[in-house]
Amino acid sequence: MPKKSLKKPIIPFQKKVFDIVKKIPRGKTLAYKKVAELAGSPNAYRAIGNILNKNKNNKIPCHRVIMLNGRIGGYNKGIKRKIFLLKKEGIKIK
DNA sequence: CGTATGACGTGCA
DNA sequence: GTGCACGCCATAC
């Protein structure tokens with residue numbers, strides 16, 4: 001087992017975000033701020049959107065991440081796509 | 001290292 | 001309820 005680095009985790013904030021978003025159950029939504037909180041930085045909600053947007057990773061239900069306001073926010077694949085997916089899961093969009 | 005960017009959140013008019 | 005400005009943090013260059 002490789003020794004654990006005593007320094008800060010080499011794992012980028014991105015990885016934590018993905019891990020959390022991946023755990024979002026179908027039909028449920030999670031706010032960016034909430035994800036940041038679970039990631040360990042309740043004030044990094046800004047970075048959350050930044051990371052997801054750049055990653056374009058289809059491995060995570062990033063469409064389930066919305067604003068606390070209940071808005072959609074955005075989607076690098078197209079905001080329309082996000083609305084469609086959420087609506088399909090039974091989530092209403094304002 | 002400093003600047004710029006971005007799928008946010010909050011406060012106030 | 002809506003719109004605007006500011007602040008916040010991580011990442012890219």
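Chain naming here is simple, since letters A, B, ... match the order of the sequence lines and numbering starts at 1 in each. This is a predicted model, so every value here is computed, not measured.
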(message) Whole angstroms only, please: what is the CG-C1' distance between L86(A) and dA7(B)?
(response) 12 Å
Mind listing the N/O atom pairs, protein and nucleotides 1-4 of chain B, below 3.5 Å?
none

(request) Please report the shortest heavy-atom distance between K77(A) and R81(A), naming the atom on each side. (result) O-CB, 4.3 Å
(request) Verify, without hydrogens or angle tests, whether E89(A) (side chain) and G27(A) (backbone) share a donor-acceptor contact under 3.5 angstrom. (result) yes
(request) Using a 4.0 Å heavy-atom cut-off, write out nucleotides 2-8 of chain C from 5' to 3' as B (base contacted by protein), S (sugar-phosphate only) or - (no contact). (result) S----BB
(message) So, does N53(A) get its side chain near the phosphate of dA7(B), meaning an N or O under 4.0 Å from OP1 or OP2?
(response) yes
(request) Looking only at side-chain atoms of L52(A), point me to the closest of dA10(C), dA7(B), dG9(B). (result) dA7(B)
(message) Looking at K33(A) and Y45(A), would you say the former's side chain and the latter's main chain have a donor-acceptor pair under 3.5 Å?
(response) no
(request) Indicate yes or no for a side-chain donor-acceptor contact from K82(A) to the backbone of V65(A) under 3.5 Å, with no hydrogens or angles considered. (result) yes
(request) Enter the distance from H63(A):NE2 to I91(A):CD1 here, rounded to the nearest 0.5 Å. (result) 7.0 Å
(message) How many whole angstroms separate atom CD of E37(A) from atom P of dC9(C)?
(response) 14 Å
(message) Can you tell me which nucleotide in dA7(B), dC9(C), dT5(B) comes closest to the side chain of A47(A)?
(response) dC9(C)
(request) Could you pull out the closest heavy-atom pair between A36(A) and A44(A), with the gap in Å? (result) CB-C, 3.8 Å
(request) With rounding to the nearest 0.5 Å, note down the distance linking CG in N69(A) to OH in Y32(A). (result) 11.0 Å
(request) Carefully, step by step, assess L52(A) and F18(A) under the rule side-chain contact (heavy atoms from CB on, under 4.5 Å). (result) CA-CA 8 Å; L52(A) 294 174; F18(A) 282 120; 4.0 Å; yes
(message) Need one value for L68(A): base, sugar-phosphate or nothing, where a base atom within 4.0 Å counts as base even if backbone is also close, heavy atoms only.
(response) sugar-phosphate
(request) Select from N69(A) and G73(A) the residue whose nearest nucleotide in DNA chain B is closer to the 5' end of that strand. (result) G73(A)
(request) Decide yes or no, distance alone: a donor-acceptor N/O pair under 3.5 angstrom between the base of dA7(B) and the side-chain of Y75(A). (result) no
(request) Starting from C1' on dA10(C), measure out to OH on Y32(A) and report it in whole angstrom. (result) 15 Å
(request) Grab the CG-C1' distance between N50(A) and dT11(C) for me, whole Å please. (result) 6 Å
(request) Identify the heavy atoms of R64(A) and P25(A) that sit nearest to each other, and give their distance. (result) CD-O, 3.7 Å
(request) Report the nucleotide, chosen from dC9(C), dG9(B), dA7(B), that has the shortest atom-to-atom distance to any side-chain atom of A44(A). (result) dC9(C)
(message) With the threshold set at under 4.0 Å for non-hydrogen atoms, list the residues of residues 14-30 of chain A touching DNA chain B in residue-number order.
(response) none
(request) Find the distance between CD1 (I72(A)) and NZ (K80(A)) and round it off to the nearest 0.5 Å. (result) 12.0 Å
(message) Among V17(A), V21(A), D19(A), exactly one meets side chain to side chain contact (heavy atoms under 4.5 Å, CB included) together with I60(A). Which residue is that?
(response) V21(A)
(request) Report which part of the nucleic acid F13(A) touches: base, sugar-phosphate, or nothing (heavy-atom distance under 4.0 Å, all strands). (result) sugar-phosphate
(request) Group every Ile, Leu, Val, Met, Phe, Trp and Tyr by side-chain heavy-atom contacts under 4.5 Å, then state whether M67(A) and I24(A) land in the same group. (result) yes
